[in-house]
Protein chains: 2
Amino acid sequence: MQQKSGLGRPSFTDIDLKLLRIFAEIVRCNGFSAAQISLGMSQATISQQMRHLEERLGLRLCERGRAGFYLTEQGRQVHGAMLDLFGAIESFGTAIGDVRGELTGRLNFGTVDAMVTNRALGLDRAIGAFHQSAPKVSLDIDIAPPQALAQGLLTRRYEVALLPVRDALPGLDSRRAFSERQFLYCGQKHPLFGRPDGGITDADLARQAFAGRTYMPDERICGIDFQWSAQTAHMEGTLTLLLSGAFIGFLPDHFAAIPAREGQLRAIAPERLYFDDIFHIAFSPGRRNRTALLLADLIARECDMAGA
Amino acid sequence: MQQKSGLGRPSFTDIDLKLLRIFAEIVRCNGFSAAQISLGMSQATISQQMRHLEERLGLRLCERGRAGFYLTEQGRQVHGAMLDLFGAIESFGTAIGDVRGELTGRLNFGTVDAMVTNRALGLDRAIGAFHQSAPKVSLDIDIAPPQALAQGLLTRRYEVALLPVRDALPGLDSRRAFSERQFLYCGQKHPLFGRPDGGITDADLARQAFAGRTYMPDERICGIDFQWSAQTAHMEGTLTLLLSGAFIGFLPDHFAAIPAREGQLRAIAPERLYFDDIFHIAFSPGRRNRTALLLADLIARECDMAGA
DNA sequence: TATTCACTTCAGGTATTTCTAATGTAATGC
DNA sequence: GCATTACATTAGAAATACCTGAAGTGAATA
């Protein structure tokens with residue numbers, strides 16, 4: 001459609017969003033006829049619309065007929081680009097809802113693992129409160145290592161994330177949430193398990209196989225140059241390694257508490273061998289919307305309450 | 001969400017993209033009447049359409065009348081979200097063009113400064129060839145420090161960037177382009193300018209005020225623990241500092257060549273004081289489209305030709 | 001007070017979209 | 001060959017969108 005003035009050539013999608021939606025539904029249903037009911041229109045209309053869309057794009061999107069329905073390679077690519085576009089439209093809708101003071105849409109939240117057992121945090125309570133305040137928001141929680149979280153914030157995978165912060169986060173807007181103390185543990189089968197703290201020197205520790213987390217700094221921890229022999233991205237991975245009896249490694253106290261109480265794990269010299277991870281709530285750049293702020297506030301409130 | 005059939009409540013933008021475009025143009029023209037010509041419709045129509053949009057969104061977007069035209073706070077926010085949406089639509093259009101084998105749309109390219117003087121690169125030739133191959137693509141070149149480039153790739157500010165890489169780029173898809181050797185220089189008025197290389201020790205250098213670039217590693221360079229007294233993000237900044245005679249600092253040879261030939265700058269012990277920056281062409285995750293690849297190929301070709 | 005400016009509202013026509021019903025075509029299975 | 005399935009094409013009706021000219025409002029200005 002060429003238009004005589006003003007807005008310039010209507011970039012494809014102007015009029016054709018509806019056509020794209022129809023196409024999406026056809027793909028989902030895998031055929032024209034099958035999409036009739038869910039689209040609420042006759043098969044003839046669907047056929048027309050598809051032709052219309054294909055003419056506009058100048059591409060054959062799918063093969064159909066008695067032989068079966070399938071996307072062409074081009075159709076597959078268009079379908080992918082389309083889903084991105086729909087995502088952007090949903091974001092716009094969410095932004096509008098936000099301006100109107102409504103809390104709607106989707107919120108992508110990322111956190112590291114082993115946050116459930118952290119009683120000093122009460123993430124479960126924060127999330128409960130969030131759902132109560134914003135029942136229309138669909139909350140998507142993802143668990144990932146810290147670097148993946150930081151990167152996901154930049155790439156807009158998450159709107160908010162809770163993650164330990166070592167250096168300042170470049171280009172990210174964040175606030176301090178709480179800190180978590182990690183102690184050095186060994187498993188029941190480990191040679192050091194029975195030895196009293198007093199009989200363990202730094203040199204002894206430097207000789208043990210050490211299980212680190214991938215996102216830990218490579219430098220020495222608590223003045224000890226540990227011998228990195230295994231690494232995992234998850235607390236659970238570290239715990240498994242420790243329980244094997246072959247390694248020593250750091251775990252947050254709340255996470256180690258249960259196996260420690262049962263005598264499967266033991267903290268080594270906890271009065272001197274520990275470090276603190278400072279957790280921040282960080283926002284994706286330019287996406288600090290009301291919904292994200294609400295979740296952040298609720299998490300922060302839980303931290304404060306637990307800390308008091 | 002009640003839905004009588006398939007597609008559900010038409011999420012705002014479905015029908016209203018045209019309205020949003022009209023709104024954008026009104027904002028650009030700063031008033032209804034002023035937008036008449038560029039929109040190619042009567043003012044009455046514009047007024048109706050605006051009302052329509054405001055009703056749909058349930059928001060007052062702007063104040064107008066004899067008193068003047070201005071956006072409400074909500075209008076401002078909607079306008080911002082709208083521009084994001086338009087960006088996504090443009091990307092979709094580009095993706096479609098890509099599928100059709102056309103090279104259209106916009107390509108955002110980022111690079112560090114002082115790339116023009118780099119004869120080993122021939123960026124100008126690569127860009128000329130690019131424009132010849134893809135005349136319909138509007139090329140947007142931005143100059144920024146390496147970290148900003150890396151971040152801009154992640155945040156989708158750029159599709160492609162040319163930047164020096166120290167550590168691997170996390171989550172970025174990149175290929176090696178060329179390397180650039182940087183030598184240590186001082187200005188004509190600097191105390192070391194007249195002293196022969198043989199008479200300059202590492203200890204001497206460590207005592208001088210050093211002008212670094214913000215993205216350089218903090219560690220020692222060429223075994224010398226320089227005394228960081230100034231830093232800039234740009235080559236030009238470093239050059240200015242060096243010409244002042246108060247600092248020593250590193251510059252790529254091609255960039256220092258002209259002032260060096262005119263006796264304003266002098267390389268200090270170039271046979272041992274240098275380091276190499278390895279430049280990569282990096283792509284924004286998931287946006288490695290035909291257009292971006294073309295530019296990258298052309299740049300790589302220029303590098304190879306110059307290197308051979 | 002009268003005028004102008006910037007927008008609003010309304011009535012009514014034109015154009016476009018959208019749908020349905022009817023019919024056509026091509027591949028498949030018996 | 002015949003029925004069936006899945007889609008294409010067409011024509012025409014109904015609904016909707018779109019636009020304009022004319023008349024109206026209210027604030028600023030002379």
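In what follows, chains carry the letters A, B, and so on, assigned in the order in which the sequence lines appear, proteins first and then strands, with residues in each chain numbered from 1. Treat the numbers as computed from the prediction; the structure is a model and nothing was measured.
Formation of a donor-acceptor pair under 3.5 Å by the B:Thr72 side chain with backbone atoms of B:Leu61 is found in this model. Of the possible donor and acceptor atoms, one in the side chain of A:Gln36 sits under 3.5 Å from a partner among the backbone N and O of A:Gln43.
Protein atom CD1 of B:Ile22 is 11 Å distant from nucleotide atom C1' of D:dC19, rounded to whole Å. Distance, A:Gln36 CD to C:dT20 C1': 12 Å, rounded to whole Å. Between A:Gln49 atom CD and C:dC19 atom C1' there is a gap of 9 Å when expressed in whole angstrom units. Counting to the nearest Å, the P atom of C:dG24 and the CD atom of A:Gln43 are 15 Å from each other. Remark: C1' of D:dC7 and CZ of A:Phe32 are 7 Å apart, rounded to the nearest angstrom. If you take CZ of B:Arg66 and C1' of D:dG24, they are 17 Å apart, rounded to a whole angstrom. Distance A:Leu53 CG to C:dT18 P: 13 Å, rounded to the nearest Å. Put simply, CZ on B:Arg64 is 8 Å from C1' on C:dC7, counting in whole angstrom units.
Of the candidates D:dC7, C:dT9, D:dA28, the closest approach to any side-chain atom of B:Ala44 belongs to C:dT9. The listed nucleotides are D:dA11, C:dA6, D:dT20; the one nearest the side chain of B:Gln48 is D:dT20. The side chain of A:Ser33 has D:dC7 as its nearest neighbour among D:dC7, D:dC18, C:dC7.
Counting any heavy atom pair closer than 4.0 Å across all strands shown, A:Thr45 reaches a base atom.
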Item checked: CA sep, side-chain torsions, deciding dist, call: A:Lys136, A:Glu102, salt bridge (charged side-chain N to carboxylate O under 4.0 Å, His left out) -> CA-CA 9 Å; A:Lys136 284 198 209 154; A:Glu102 294 167 1; 5.3 Å; no
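Taking only side-chain nitrogens and oxygens, A:Ser47 never comes nearer than 4.0 Å to OP1 or OP2 of D:dT9. Listed pair B:Arg51 / C:dT9 meets the phosphate criterion, a side-chain N or O lying under 4.0 Å from OP1 or OP2. Considering only side-chain N and O atoms, B:Lys18 lies nowhere under 4.0 angstrom from the phosphate OP1 or OP2 of D:dA17.
Because its NZ or CZ atom is both nearer than 6.0 Å to the ring centre of B:Phe86 and within 45° of the ring axis, B:Arg21 counts as a cation-pi partner of that residue.
The environment of CD in B:Gln132 is sparse: at most 12 heavy-atom neighbours from other residues, nucleotides or ligands sit within 6.0 Å.
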